[in-house]
Amino acid sequence: MTIRLPDFQGGFRAYEPREEPFAAASGTPFTSRTVFSAAHVVADPFADATPDSPAAVDWDATLAFRRHLWSHGLGVAEAMDTAQRGMGLDWAGAAELIRRSAAEAKSVGGLIACGVGTDQLTGPATLAEVRAAYEEQLALVEESGAQAILMASRALAAAAKGPEDYLEVYGHLLRQATEPVILHWLGPMFDPALEGYWGSSDLDAATDTFLQVIVAHPDKVDGIKVSLLEAQREIDIRRRLPQGVRCYTGDDFNYPELIAGDEQGFSHALLGIFDPLGPLAAEAVRVLDTGDAKGFRELLDPTVELSRHLFQAPTRFYKTGVVFLAWLAGHQSHFTMVGGLQSARSLPHFARAYELADGLGLFPHPKLAEERMKNLLSLYGVTQ
């Protein structure tokens, strides 16, 4: 049996769906890498919400998806941009998400780290106001018992006059953090408002400032997350980190090679693509734990085409593909998103995402995924 899928030229092609899913074991903790999946939130499809109203979240389905990730040994990076933070999920919603997910992690023994930002600021802000906003969110994450991820701030990017302002704000936050944090550098391809972060649009100059922050407070930095989609730049930064400070790749284009590493080191992972890849990614890391880098690459390299497809420009809309695949996989009963972002990608984009994910065996029930894909196609007027 085949399914009729639209292509990118206005035509159609026949695709024969896979019959058996990828078989992945669940459970045992990783030994060679620390791996976080930046998890999406599940919207409540029955709430009377508009794109401008506060997010309506289906908490049961959202937490169930986190248990799915934990069951495969992955950590959860909570309230990151994958959860539509700053794109439909406001600070009040993110705060509730952090509280609920941290409590759930504690109940099941799951690893969790949570995003700390400044998104309660809705207009122009002073540096003092930016710092206070960061402090409010840092306090909530620490009170929840989760590790903190200091995210890049749109408000700081707008308020800072130069590198010295970043050094002052981050230095203050690191001094008051009770436990080592993860510093997050998100590039403008993920959020255009972050252009010129660390005080310069010159990435070499920005890197120097970023490293100054870390070198000044190595005991307060567990690691860094780099999301610039430049593998060599991440490697160069990784090699300049103080001893004991980890690099968590956020490069959804080049993650297999960065996690595998080289003779001078490797990256851990904090990735949005590990939301749909969860079980397969976990299996690959367990293979790497045995020292089999070749087997790790054989499992993970074929997933890059799907990741590059989901994260294609405009990259910030990758979240639509992540939620689409969660629906096809049966992790949620609908394809509705916070802020109405289910409309942010085209039908040919969805068709290709389905084809690539199915080819990898990512759907636990391939027939369900096929049925849901056909239902979506029918809404667009595509007959089989």
Side-chain angles (χ1 to χ4, degrees), residues 21-22 24-27 35-47 49 55-85 87-89 93-115 144 146 149 252 269-283 285 303 306-307 310 318-339 341-342 350 353-354 357-358 360-366 368-369 372:
F22 173 80
S26 61
V35 180
F36 290 96
S37 166
H40 74 280
V41 294
V42 182
D44 179 354
F46 305 115
V57 176
D58 181 336
W59 293 112
D60 289 342
T62 293
L63 294 176
F65 187 75
R66 280 135 184 80
R67 291 193 296 272
H68 154 73
L69 295 172
W70 285 319
S71 75
H72 288 280
L74 296 160
V76 168
E78 190 56 276
M80 306 296 290
D81 56 293
T82 311
Q84 294 174 252
R85 187 98 180 252
M87 291 181 70
L89 186 71
E96 183 67 13
L97 180 62
I98 289 166
R99 293 187 191 98
R100 288 176 181 258
S101 290
E104 194 73 16
K106 185 176 181 180
S107 72
V108 302
L111 178 65
I112 188 168
C114 298
S144 77
I149 303 169
D252 298 278
L270 198 165
L271 288 162
I273 191 57
F274 279 9
D275 178 307
L277 291 184
L280 193 158
E283 184 69 17
V285 174
T303 70
L306 171 63
S307 189
L310 296 183
Y318 76 90
K319 295 171 263 292
T320 298
V322 167
V323 176
F324 170 66
L325 294 182
W327 171 58
L328 293 185
H331 293 299
Q332 53 194 81
S333 61
H334 58 87
F335 180 33
T336 304
M337 294 180 65
V338 170
L341 280 184
Q342 65 272 13
F350 292 136
Y354 163 73
D358 182 73
L360 293 168
L362 294 185
F363 303 130
H365 307 287
L368 173 66
R372 289 184 169 183

Legend entry - Side-chain touch Lys319/His40, heavy atoms, less than 4.5 angstrom: no

Inset, instruction - Side-chain contact test, heavy atoms from C-beta onward, threshold under 4.5 Å: evaluate it for Tyr354 versus Phe363 and give yes or no. - result: yes

Legend entry - N/O donor-acceptor pair under 3.5 Å between Arg99 side chain and Ala94 backbone: no

Legend entry - Main-chain N/O of Trp59 paired to Thr62 side chain as donor or acceptor, under 3.5 Å: no

Inset, instruction - Indicate yes or no for a side-chain donor-acceptor contact from Thr82 to the backbone of Ala39 under 3.5 Å, with no hydrogens or angles considered. - result: no

Legend entry - Closest non-hydrogen atom pair between Ala79 and Ile98, with its separation: CB-CG1, 3.8 Å

Legend entry - Sidechain-backbone polar pair: Trp70 side chain, Leu111 backbone, donor-acceptor under 3.5 Å: yes

Legend entry - Side-chain donor/acceptor of Gln332 to backbone N/O of Val42, under 3.5 Å: no

Inset, instruction - To the nearest 0.5 Å, tell me how far Phe65 CZ sits from Asp60 CG. - result: 15.5 Å

Legend entry - Side-chain heavy atoms of Phe36 within contact of Met80, under 4.5 Å: no

Legend entry - N/O donor-acceptor pair under 3.5 Å between Asp81 side chain and Gln84 backbone: no

Inset, instruction - Identify the two heavy atoms, one from Leu74 and one from Phe274, that lie closest to each other, and give their separation to 0.1 Å. - result: CD1-O, 4.3 Å

Inset, instruction - Determine the interplanar angle of the Trp327 and Phe335 rings, folded into 0 to 90°, and report it as parallel if under 30°, tilted if 30 to 60°, perpendicular if over 60°. - result: parallel

Legend entry - Check: Val57 main-chain N/O paired with Asp44 side-chain donor or acceptor under 3.5 Å: no

Inset, instruction - Say whether, by atom type as modelled, one donor and one acceptor occur between the side chain of Thr336 and the main chain of Pro45 under 3.5 angstrom. - result: no

Inset, instruction - Go through the steps to decide whether Leu341 and Met87 satisfy the test side-chain contact (heavy atoms from CB on, under 4.5 Å), and finish with yes or no. - result: CA-CA 9 Å; Leu341 280 184; Met87 291 181 70; 3.8 Å; yes

Inset, instruction - Give a yes or no on whether the backbone of Ala102 and the side-chain of Ser144 come within a donor-acceptor separation of less than 3.5 Å. - result: no

Legend entry - Closest non-hydrogen atom pair, Leu360 against Phe22: O-CB, 3.7 Å

Legend entry - pair Leu280-Leu362: side-chain heavy atoms closer than 4.5 Å: yes

Inset, instruction - Determine whether Glu78 and Leu97 make a side-chain contact, defined as any pair of heavy atoms from C-beta on separated by less than 4.5 Å. - result: yes

Inset, instruction - Would you check if Leu310 and Asp252 make a side-chain contact, meaning some heavy-atom pair closer than 4.5 Å? - result: no

Inset, instruction - Work out which heavy atom in Ile149 is nearest to a heavy atom in Ala77; give both atom names and the distance. - result: CD1-CB, 4.3 Å

Legend entry - Closest contact, heavy atoms only, Glu283 versus Ala24: OE1-CA, 4.2 Å

Legend entry - Any Glu104 side-chain heavy atom under 4.5 Å of Arg66 side chain: no

Inset, instruction - With Leu325 as reference, evaluate Leu306, Leu277, Asp275 under the side chain to side chain contact (heavy atoms under 4.5 Å, CB included) test and give the passing residue. - result: Leu306

Legend entry - Residue pair Ser101 / Leu63: nearest heavy atoms and the distance that separates them: OG-CD2, 3.7 Å

Inset, instruction - Examine distances only and state if a side-chain atom of Ser37 and a backbone atom of Val76 form a donor-acceptor pair shorter than 3.5 Å. - result: no

